[in-house]
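Structure first, then comments.
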There are 2 protein chains.
Amino acid sequence: MSPYDPSAYPPFAVTVDLVVLTVRRHALCALVVRRGEQPFQGRWALPGGFVRGEEDLAAAAARELSEETGLCAHDPAVPGAGNGAHLEQLATYGDPKRDPRMRVVSVAHLVLAPDLPAPRAGGDANSARWAPVDELLAVGDDGSAGLAFDHAQILADGVERARSKIEYSSLATAFCPPEFTVGELRRVYEAVWGVALDPRNFHRKVTGTPGFLVPAGGTTTRQGGRPAQLFRAGGATLLNPPMLRPEV
Amino acid sequence: MSPYDPSAYPPFAVTVDLVVLTVRRHALCALVVRRGEQPFQGRWALPGGFVRGEEDLAAAAARELSEETGLCAHDPAVPGAGNGAHLEQLATYGDPKRDPRMRVVSVAHLVLAPDLPAPRAGGDANSARWAPVDELLAVGDDGSAGLAFDHAQILADGVERARSKIEYSSLATAFCPPEFTVGELRRVYEAVWGVALDPRNFHRKVTGTPGFLVPAGGTTTRQGGRPAQLFRAGGATLLNPPMLRPEV
DNA sequence: CTGTTTATCGTCAGGCAGACGACTATGATC
DNA sequence: GATCATAGTCGTCTGCCTGACGATAAACAG
C-alpha cells in the first residue's frame with residue numbers, strides 16, 4: 001500500500017449527526033429537523049452538519065448543538081461551562097450508499113439534555129421539534145416514511161446507548177435540571193426504559209449509593225403531594241452495583 | 001448553511017485503525033506494526049489503512065485485519081464465515097492535529113481474537129508483533145517513545161472497552177478457541193482484568209448462566225491436572241446478571 | 001506411591017433487590 | 001375544616017447471588 005497519498009484515495013465528506021434526547025411528558029423524545037432540500041426533502045432528520053477544516057469532532061458536535069438548540073454541551077474534557085447537557089460520541093456511519101449524492105461519513109454524537117422549551121432551529125419553529133422516539137422509530141406501520149438517510153438506525157443506536165448507560169452510570173441526571181427530586185429522577189428512568197419502577201426501592205437504591213446524589217438543601221412540591229427533598233448530582237459517575245433494568 | 005457542497009468544505013482522509021487484542025501467556029496483548037516511513041518512522045503503531053471508495057467502514061476494517069493477520073472477522077452482520085474473531089467499531093478520532101500531514105479521521109475498530117501464531121505483516125516478521133498492552137501503554141518511564149500518533153489513546157480506549165464488555169456479555173469467548181474449558185475462559189478474564197478469580201465461584205457462575213456455555217462433549221488435559229470438560233460458546237450474548245469485576 | 005496440579009461440587013454468611021406495608025406531608029375538593 | 005388524592009420516605013421480609021473457602025476427583029511427574 002502507498003499510505004497517505006491524498007490523490008490515491010477519494011475524498012470523503014465528514015459530518016456530525018446529533019441524537020439529542022430529552023424526557024418530556026413522561027416520554028423519551030429526540031430532536032428532529034425538517035429537511036428543506038433534496039434528497040428526503042420535507043422528511044424529518046437528525047440535526048447535523050459538516051465538520052470544519054480545523055475543528056475537532058467533539059467541537060463540531062458542540063457547535064451544531066449550540067446552533068440548533070442553544071444548549072452548551074458539557075464536554076467531559078471541558079468541565080464547568082455550559083448548562084449541563086451531556087455530549088459523547090456515539091458511532092460512525094459510513095456506508096457508501098448512505099447518502100445518494102456523495103461519500104459521506106457521519107460521526108454521530110449522543111446528547112442528553114434536560115427538558116427544554118420548544119426548539120428554535122434557524123428561527124423557524126416549524127422546522128424543528130421534539131418527537132417521542134417510539135413514534136420516530138415506529139416506521140412503516142402507519143405509512144409514515146420514517147427518518148431520512150440512515151437516521152432511524154442512528155437514533156435507535158443512540159436510544160439503546162442511553163438505555164444501557166443509565167444502568168451503570170449516573171448519566172440519568174443529565175436529563176434533570178440542576179436540582180431535582182428522587183421522584184423526578186425515577187420518572188426519567190421510567191421514561192427512558194419504558195417501565196414502571198417501585199418508588200420505595202428506587203429511593204433506597206439512589207439515596208443509598210454513595211456519591212450519586214448530594215442533598216441540595218431545599219424541598220419542592222412541583223410534582224404535587226408531599227414536599228420532596230432536592231438533590232444535586234454527586235461526583236460519582238459510575239454506579240456500582242448498577243441499577244438493574246427490569247426484564248421486559 | 002449550504003449543505004453538501006463538496007467544494008465548500010475541505011476533504012478528509014478516512015482511515016480505519018485496528019486494536020487487535022488477544023491473550024498470550026496470561027497477558028492481554030495487542031498487535032502492533034512498525035512504521036516504515038515518516039512521521040513516526042520506526043515507531044510501533046496500530047495496524048490500519050485507508051477506506052476505499054466503495055467500501056463500508058466495517059468492510060475496510062475486516063480487509064485490513066485479513067491483510068495483517070489472515071484472520072477472517074466474524075462480523076455480527078455476516079455470521080457463519082470466518083474463524084471467529086470478533087470485530088466491532090470502537091470510536092472515531094478526528095483531532096485536526098492527530099496527523100501532521102493532513103486531516104485524517106480514523107475510525108478505530110476493536111478485534112478480539114484467540115491466541116494466534118506469530119503475525120505475518122507483509123511477510124516481514126520483524127515489522128509486526130504481539131505486545132502486552134501494559135508494556136505498550138507504560139510510556140515515558142523507561143524512555144520508550146510509545147505508540148505513534150494518538151494510537152496509545154486508541155489502544156487504551158479499546159482495552160477499556162474489552163475490559164468492561166466482558167463483564168456483561170459473552171465476548172470473552174472470542175479470545176478462546178472454538179472449544180475451551182472453564183479454566184481457560186477464567187484465565188482469559190484474569191488476563192484481561194489483571195486480577196485473580198476464584199476458580200470455584202467462576203465455575204459456578206459461568207456454568208450456571210443459561211446459554212453462556214454449551215458442553216462440547218469431550219474433555220482435555222492440555223492445561224494439566226484433572227481432565228476438564230470442553231465447552232463451546234452458547235447463543236447468549238448478554239450476561240444477566242453480569243460477571244462483576246472485582247474492585248481494585 | 002506420593003505429591004502437584006487442575007477441575008468440580010458443596011456449604012455458609014452477607015448483601016442486595018423485589019414485593020409490599022405503613023406513615024407523612026402537601027394540595028384539592030366538598 | 002374534614003376528607004381525599006397524590007407523592008415522598010422509612011421499614012420489613014424473603015429469595016437470590018456472591019465471596020470465602022473446605023473437600024473431593026482425576027490426571028501427570030517424580
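Order of the sequence lines fixes the chain letters, A, B, ..., with proteins taken first and strands second; residue numbering starts at 1 for each chain. Only this structure's heavy atoms are used, side chains among them; waters, hydrogens and symmetry mates stay out.
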Beyond-backbone contact of [X] with [Y], side-chain heavy atoms, under 4.5 angstrom:
X      : Y      : answer
B:T219 : B:T221 : no
A:P241 : B:L244 : no
B:T237 : B:S169 : no

What is the distance from [atom1] of [X] to [atom2] of [N], rounded to the nearest Å?
X      : N      : atom1 : atom2 : result
B:L244 : D:dA20 : CG    : C1'   : 16 Å
A:F180 : D:dA7  : CZ    : C1'   : 17 Å
A:L197 : C:dA19 : CG    : C1'   : 14 Å

Just to verify, which of A:R187, A:H203, A:Q229, A:R204 counts as forming a side chain to side chain contact (heavy atoms under 4.5 Å, CB included) with A:V182? A:H203
Side chain to side chain contact (heavy atoms under 4.5 Å, CB included) with A:P47: of A:T69, A:V33, A:V16, A:L65, only one passes, and it is A:V33
By a strict heavy-atom criterion of less than 4.0 Å, which residues belonging to [range] are in contact with DNA chain D?
range                       : value
residues 184-193 of chain A : A:R186, A:R187
residues 220-232 of chain B : B:G225, B:R226, B:P227
residues 198-213 of chain B : B:D198, B:R200, B:N201, B:R204, B:K205

Set of ring-ring contact (aromatic ring centres under 6.0 Å, His included) partners for B:Y189, sequence neighbours left out: B:W193, B:F202
Listed by chain and number, what are the ring-ring contact (aromatic ring centres under 6.0 Å, His included) partners of B:H151, not counting sequence neighbours? B:F149
Residue pairs passing the salt bridge (Lys or Arg N to Asp or Glu O under 4.0 Å) test where at least one lies in residues 205-226 of chain A, sequence neighbours excluded: A:E184-A:R222
What I want to check is whether the side chains of A:Y93 and A:D157 have a donor and an acceptor closer together than 3.5 Å. yes
Using a 6.0 Å distance limit plus a 45 degree cone around the ring axis, check whether B:R25 lies over the aromatic ring of B:W130. no
